[in-house]
Amino acid sequence: MTTDTTNTTNPANTMRAVSQDVLGGPEVLRVVERPRPVPGPSQVLVRVRAAGLNPTDWKHRASGLFLGEPPFVLGWDAAGTVEAVGLGVTLFAPGDEVFGMLPYPHGVGSHAEYAVGPARAFVRRPDSVDVVQAGALPLAALTAWQALVDTARVEAGDRVLVHAAAGGVGHLAVQIAKARGAYVIGTASAGKHDFLRRIGVDEPVDYRAVDFAEAVRDVDVVLDTIGGEYQTRSLRTLRRGGLLVSILPVPVEGLAEEADRLGVRTAMLLVEADHAGMTAVADLAERGLLRAEIAGTFPLAEAAKAHEVGDGGRVAGKLVLLAD
C-alpha cells in the first residue's frame, strides 16, 4: 500500500487515513493525508488507536453498497482517546478513553488517525478492556446484542442457533446468548469446534457434514449471519412461534410465506449506533463475559493486507487496524 502525501498542509491539521478513489479489490486502498475532522455540536473527536474491520468494510470497498461512489474512508469501529468535544457534550472530556461504533452506514471513517462522531455513539473504555479488544467489539457486538436482546429477547433456557458461530458477529453472539442463560447451538466447520466449545457453544454442528436444517430442531431463536437460502432452511429448525433474526436485512424470496406456513416469525436487522447497547457491551466485557477473538492486527499502512485476509472468508474472530 502506498502513501499519498500530495496536498499535505500543516501536520497539526491533517491525519493519515485509509482511502480509495475507485471501487475494487484490496489493492485500491491507499494511505493518504486528509484534513483532520472538527467536532460539531454533540460530537467528539477521537484519536483512534484501534479500529476493527468487518465484512461490511470489504463489501463497501468492492461495491459502494450504502456509500455510493468513492472517495471514502471506511471503518465504523473505533477505540481511542477523546481529543476534543463539540458544543453541548457533557459525557466526555479530552483525555477520556472511549470506544464505540460510528453511525452505520453514513457515519463511516474510523480507519484513520482521527474520527468524529456523536458523543452518544461512544462509552468509556473499562480499564480491564485493552484498546485492541475495544476496537474489535463495537459493530459486531452491537449487531449481536440488538439481534438477540433487543429483537429476540433471549432469556435463560432459550435454545439459540447461531450460524457462522466462529465469525466476527457469531462468536460474540454466542457469548451474549450464554450470558443470558441460553443453550447455544453453533454452525461451523469441524476444525473450529474446539474454539466454539471454548467460547461456550453447547452443541457445535459441522455444516459440511450434516444438514443443519435436519439436525437441529425446536430452536427458539436463529441468528442468521449468512443470508440467502440459509434464511429459508433455518425456518425448519424453529419451534412454532420461534424467531429468525437475519443481519443480512434482505429477505430471500418467499421467506415470509414460508414463515407463515410454519407458524414462525422473521426479523431483518441493520445495526444502529446505540449508547445503551454499547453500555451493555462494555459491562459484559468488563465482567469478562464478552471477549473478541483477535485473528490479527495490522498497522494502517497494511490495511490492504488486512482486507485480503478478510476477503478469504475464513477468519475466526476479528481483524483490527492499529492507528498508533
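Remember, it's a predicted structure, so these values are computed and weren't measured experimentally.
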Provide the closest heavy-atom pair for Asp57 versus Gly52 in the form atom of the first, atom of the second, distance.
OD2-O, 4.2 Å
Does any non-hydrogen side-chain atom of Gln20 lie less than 4.5 Å from one of Leu23?
yes
More than 12 heavy atoms of other groups within 6.0 Å of Arg120 CZ:
no
Within the distance-only criterion (no hydrogens, no angle test), does the side chain of Asp220 pair as donor or acceptor with the backbone N or O of Arg159 below 3.5 angstrom?
yes
Under 3.5 Å, side chain of His307 to main-chain N/O of Gly25, donor-acceptor pair present?
no
Just grab all the salt bridge (charged side-chain N to carboxylate O under 4.0 Å, His left out) pairs involving residues 185-196, residues at least two apart or on different chains.
Asp194-Arg197
So, does His111 use its side chain to make a donor-acceptor pair with the main chain of Ala17 at under 3.5 Å?
no
Evaluate the salt bridge (Lys or Arg N to Asp or Glu O under 4.0 Å) criterion for residues Glu214 and Arg236: first the C-alpha distance (whole Å), next the side-chain angles of each, then the deciding distance (0.1 Å), finally the verdict.
CA-CA 8 Å; Glu214 297 298 329; Arg236 305 206 306 270; 3.3 Å; yes
Flag, side chain of Asp202 to backbone of Val184, donor-acceptor distance under 3.5 Å
yes
Checking Thr187 against His163 for the side-chain hydrogen bond (donor to acceptor under 3.5 Å, both in side chains) test, could you report, in this order, the C-alpha distance in whole Å, the side-chain angles of both residues, the deciding distance, and whether it holds?
CA-CA 5 Å; Thr187 63; His163 285 306; 3.2 Å; yes
same_hphob_cluster(Val108, Tyr104) at 4.5 Å side-chain heavy-atom cutoff:
yes
Any chain of hydrophobic side-chain contacts (each under 4.5 Å) joining Phe92 to Leu102?
yes
Do Asn13 and Arg36 touch side chain to side chain, with heavy atoms closer than 4.5 Å?
no
Under 3.5 Å, is there a donor-acceptor pair between the side chain of Glu113 and the main chain of Met15?
no
Min side-chain heavy-atom separation Pro70-Asp21 under 4.5 Å:
no
Step by step, work out the side chain to side chain contact (heavy atoms under 4.5 Å, CB included) result for Arg30 and Val18.
CA-CA 5 Å; Arg30 61 195 182 111; Val18 180; over 6 Å; no
Thr81 vs Val48, side chain to side chain contact (heavy atoms under 4.5 Å, CB included): CA-CA, chis, key distance, verdict
CA-CA 7 Å; Thr81 308; Val48 178; over 6 Å; no
State, to 0.1 Å, how close His275 and Phe122 come at their nearest heavy-atom pair, and which atoms those are.
ND1-O, 3.1 Å
Minimum-distance pair of heavy atoms, taken over all atoms of Ala303 and Leu321:
CA-CD2, 3.9 Å
Decide whether Leu172 and Val320 are clustered together by the hydrophobic rule: side chain heavy atoms of Ile, Leu, Val, Met, Phe, Trp, Tyr closer than 4.5 Å, transitively.
no
Between Asp77 and Lys318, is any pair of side-chain heavy atoms under 4.5 Å apart?
yes
Considering all heavy atoms of both residues, which atom of Lys178 and which atom of Ala182 are nearest to each other, and what is their separation?
NZ-O, 3.3 Å
Testing the basics here: between Pro37 and Val116, what is the closest heavy-atom pair and its distance to 0.1 Å?
CB-CG1, 3.8 Å
Check the pair Leu289, Ile176 against side chain to side chain contact (heavy atoms under 4.5 Å, CB included), reporting the backbone distance first and the verdict last.
CA-CA 8 Å; Leu289 299 176; Ile176 289 170; over 6 Å; no
With ILVMFWY side chains joined below 4.5 Å, transitively, what does Tyr207's cluster contain besides itself?
Leu161, Tyr183, Ile185, Val205, Val210, Phe212, Val216, Val219, Val222, Ile226, Tyr230, Leu235, Leu238, Leu244, Val252, Leu255, Leu262, Val264, Met268
Quick check against the 3.5 Å criterion: does Glu155 have a side-chain atom that pairs as donor or acceptor with the backbone of Gly181?
no
Tell me if the CD atom of Glu253 is crowded by more than 12 foreign heavy atoms within 6.0 Å.
no
On a heavy-atom basis, the closest approach of Ala285 and Leu137 is CB-CD1, 4.1 Å
Worked check of side-chain hydrogen bond (donor to acceptor under 3.5 Å, both in side chains) between Ser246 and Gln231:
CA-CA 7 Å; Ser246 180; Gln231 294 177 347; 3.0 Å; yes
Can you confirm whether Arg291 is buried at CZ, in the sense that more than 12 heavy atoms of other residues, nucleotides or ligands lie under 6.0 Å from that atom?
no
Mind checking whether Leu196 and Val174 sit in one hydrophobic cluster, side chains of I, L, V, M, F, W, Y counted as touching below 4.5 Å?
yes
If I take atom CZ from residue Phe298 and atom CG from residue Leu322, how far apart are they, to the nearest 0.5 angstrom?
9.5 Å
Nearest 0.5 Å, please: how far is CG in Leu29 from CD in Glu308?
9.5 Å
Is the gap between the ring centers of Trp76 and His106 under 6.0 Å?
no
Rounded to the nearest 0.5 Å, how far apart are OG of Ser19 and CZ of Arg34?
5.0 Å
Worked check of side chain to side chain contact (heavy atoms under 4.5 Å, CB included) between Val132 and Ile294
CA-CA 8 Å; Val132 174; Ile294 305 301; 4.0 Å; yes
Salt bridge (charged side-chain N to carboxylate O under 4.0 Å, His left out) contacts touching residues 89-98 (sequence neighbours left out)
Arg49-Glu97, Asp96-Arg124, Glu97-Arg125
Determine, using the 4.5 Å side-chain heavy-atom cutoff (strictly less than), whether Phe195 and Leu319 are members of one ILVMFWY cluster.
no
Measure the CD-CZ distance between Glu257 and Arg261 for me, rounded to the nearest 0.5 Å.
11.5 Å
If you measure from CG on Leu53 to CZ on Arg61, what distance do you get to the nearest 0.5 Å?
10.5 Å
